[in-house]
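Here the structure is laid out as structure tokens; the discussion comes afterwards.
Side chains included, hydrogens not; waters and symmetry mates left out as well; all remaining heavy atoms used. In what follows, every chain begins at residue 1, and chains take the letters A, B, ... in the order their sequences are listed.
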There are 2 protein chains.
Amino acid sequence: MLTPSLVQEITQLHADFCSALADSTRLLLLYALAERPRTVSELADELRLPQPTISRHLKILRERSLVVATRQGMSVEYALADERIVDALDLLRSIMRDRIQYQARLVAQP
Amino acid sequence: MLTPSLVQEITQLHADFCSALADSTRLLLLYALAERPRTVSELADELRLPQPTISRHLKILRERSLVVATRQGMSVEYALADERIVDALDLLRSIMRDRIQYQARLVAQP
DNA sequence: TTTGCATATACGCCTATCCGAATAAGGTTC
DNA sequence: GAACCTTATTCGGATAGGCGTATATGCAAA
């Protein structure tokens with residue numbers, strides 16, 4: 001049953017997390033930060049994207065508490081706010097992989 | 001390291017799943033279907049949304065293999081394609097809950 | 001085959017979001 | 001405090017995605 005409180009929580013889940021995950025650049029940022037914290041310019045170098053683009057995406061991730069920022073001297077270091085975020089993404093990836101395998105098996109059927 | 005194949009996979013993860021999850025109506029549909037399969041009109045009743053709206057969202061979920069459709073007499077029954085989809089969403093929900101608790105604790109600090 | 005129910009699609013409009021380019025803001029170093 | 005480095009923001013234009021309404025399609029029962 002979709003109780004009002006569940007509806008409310010799912011609405012917030014969308015507003016906070018899911019809509020933030022709906023951009024491939026932001027997914028790449030999260031995976032890059034899953035390895036280790038990085039500064040803005042490091043991220044811009046690694047993703048080969050303009051620095052303003054990176055900053056804009058980091059702002060969205062920061063506002064929704066997916067990443068945290070700490071100043072380190074002249075630069076700002078970003079890190080994942082919760083390691084489990086990539087766990088959730090990895091779970092989706094394995095679902096996706098299994099689906100592809102299943103579809104490939106269907107095609108291979110005589 | 002963001003290897004080309006990882007970048008490729010994440011790009012597809014976004015295109016297939018994450019962008020499909022970036023709508024609160026679709027999240028509600030997935031949670032409704034997590035309980036039990038339902039027909040289009042049942043879903044429209046439960047979410048109190050127009051039938052074309054439900055059909056449009058179901059099409060998106062179906063195209064990305066998040067749900068599967070089977071005809072049952074005069075109506076069409078939809079079901080989750082993989083139960084783990086809601087597991088991933090539930091993981092995100094618990095991250096969200098923990099974050100809220102953490103922030104509440106910060107505010108409560110003297 | 002005609003009628004009717006359930007679902008799917010088309011169209012037009014509106015809003016949200018992304019990007020590139022330019023510029024501002026915040027710290028650090030000298 | 002002036003110059004510099006890093007990061008953040010703003011602006012305009014382009015695009016994608018959502019919704020309501022109307023309508024089409026697909027089965028099924030008679």
Side-chain angles (χ1 to χ4, degrees), chain A residues 7 10-30 32-33 36-81, chain B residues 7 10-30 32-33 36-81:
Chain A
V7 172
I10 293 174
T11 302
Q12 188 173 0
L13 176 64
H14 163 255
D16 285 2
F17 285 176
C18 290
S19 68
L21 299 177
D23 182 283
S24 51
T25 298
R26 289 197 288 269
L27 293 181
L28 290 171
L29 285 172
L30 292 174
L33 295 178
R36 57 177 175 78
R38 282 165 215 255
T39 67
V40 176
S41 44
E42 283 172 347
L43 291 166
D45 286 349
E46 180 151 5
L47 272 66
R48 294 166 204 263
L49 288 173
Q51 172 268 320
T53 297
I54 300 294
S55 272
R56 266 189 314 238
H57 284 300
L58 286 173
K59 179 183 186 179
I60 293 173
L61 294 173
R62 178 166 28 91
E63 286 172 344
R64 311 202 174 157
S65 298
L66 289 165
V67 303
V68 293
T70 56
R71 181 163 276 279
Q72 303 283 351
M74 250 189 320
S75 49
V76 176
E77 191 176 80
Y78 280 83
L80 275 193
Chain B
V7 171
I10 292 175
T11 302
Q12 189 173 359
L13 176 65
H14 162 255
D16 286 1
F17 285 176
C18 290
S19 68
L21 298 177
D23 180 283
S24 49
T25 299
R26 290 198 287 270
L27 293 182
L28 290 171
L29 285 172
L30 292 174
L33 294 178
R36 57 177 174 79
R38 284 166 213 254
T39 67
V40 177
S41 44
E42 283 172 347
L43 290 166
D45 285 350
E46 180 152 4
L47 273 66
R48 293 165 205 267
L49 288 173
Q51 173 267 318
T53 298
I54 300 294
S55 272
R56 267 189 312 242
H57 284 300
L58 286 173
K59 178 183 187 177
I60 293 174
L61 294 174
R62 178 167 28 92
E63 285 172 346
R64 309 196 176 164
S65 298
L66 289 164
V67 303
V68 293
T70 56
R71 180 163 277 278
Q72 302 285 351
M74 252 193 316
S75 49
V76 175
E77 191 177 81
Y78 280 83
L80 274 192

Which is true for [X] with a 4.0 Å heavy-atom rule: it touches a base, it touches only sugar-phosphate, or it touches nothing?
X       : answer
B/Pro50 : sugar-phosphate
A/Leu43 : nothing
B/Ser55 : base
B/Leu49 : nothing

Q: Could you tell me whether the side chain of B/Gln51 has a donor or acceptor atom within less than 3.5 Å of a complementary atom in the base of C/dA8?
A: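 Side chain to base: pair found, below 3.5 Å.
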Q: May I have the step-by-step check of side-chain contact (heavy atoms from CB on, under 4.5 Å) for A/Gln51 and A/Val40, ending in yes or no?
A: CA-CA 7 Å; A/Gln51 172 268 320; A/Val40 176; 4.1 Å; yes
Nucleotide nearest [X] when distance is taken to its side chain, options [options]:
X       : options               : value
B/Thr53 : D/dT7, D/dG20, C/dA6  : D/dG20
B/Met74 : D/dT7, C/dT7, C/dA6   : C/dA6
B/His57 : C/dC19, D/dC19, C/dT7 : D/dC19
B/Lys59 : C/dT9, C/dA8, C/dA6   : C/dT9

Sidechain-backbone polar pair: [X] side chain, [Y] backbone, donor-acceptor under 3.5 Å:
X       : Y       : answer
B/Arg38 : B/Leu43 : no
B/Ser19 : B/His14 : yes
B/Arg26 : B/Leu28 : no

Rounded to whole angstroms, how far apart are [atom1] on [X] and [atom2] on [N]?
X       : N      : atom1 : atom2 : value
A/Arg56 : D/dT6  : CZ    : P     : 20 Å
A/Tyr78 : D/dT6  : OH    : P     : 15 Å
A/Asp45 : D/dT6  : CG    : P     : 10 Å
B/Ile54 : D/dG20 : CD1   : C1'   : 14 Å
A/Asp23 : D/dA16 : CG    : P     : 14 Å
B/Leu61 : C/dT7  : CG    : C1'   : 16 Å
B/Glu77 : C/dT7  : CD    : P     : 10 Å
A/His14 : C/dA16 : NE2   : C1'   : 11 Å

(Q) Taking the nucleotide of DNA chain C with the nearest heavy atom to each, does A/Arg26 or B/Ala69 sit closer to the 5' end? (A) B/Ala69
Q. Want to settle it: does B/Arg71 or A/Val40 sit nearer the 5' end of DNA chain D, counting the closest nucleotide to each?
A.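 Its nearest nucleotide lies further toward 5', so the answer is A/Val40.
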Q: For the helix from C/dT1-D/dA30 to C/dC30-D/dG1, figure out the bend between the end axes, five pairs an end, and round to 10 degrees.
A: 30°
Q. What heavy-atom pair brings B/Ala20 and B/Leu66 nearest, and what distance separates the two atoms?
A.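 Where B/Ala20 meets B/Leu66 most closely, the heavy atoms are CB-CD1, 3.6 Å.
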Q. In Å and rounded to the nearest 0.5 Å, what is the CD1 to CG distance from A/Ile54 to A/Leu49?
A. 4.5 Å
Q: Hey, could you give me the CG/CD distance between A/Leu33 and A/Glu42, rounded to the nearest 0.5 Å?
A: 10.0 Å
Q) Could you go step by step and tell me if B/Thr53 and B/Arg56 meet the side-chain contact (heavy atoms from CB on, under 4.5 Å) rule? A) CA-CA 5 Å; B/Thr53 298; B/Arg56 267 189 312 242; 3.4 Å; yes
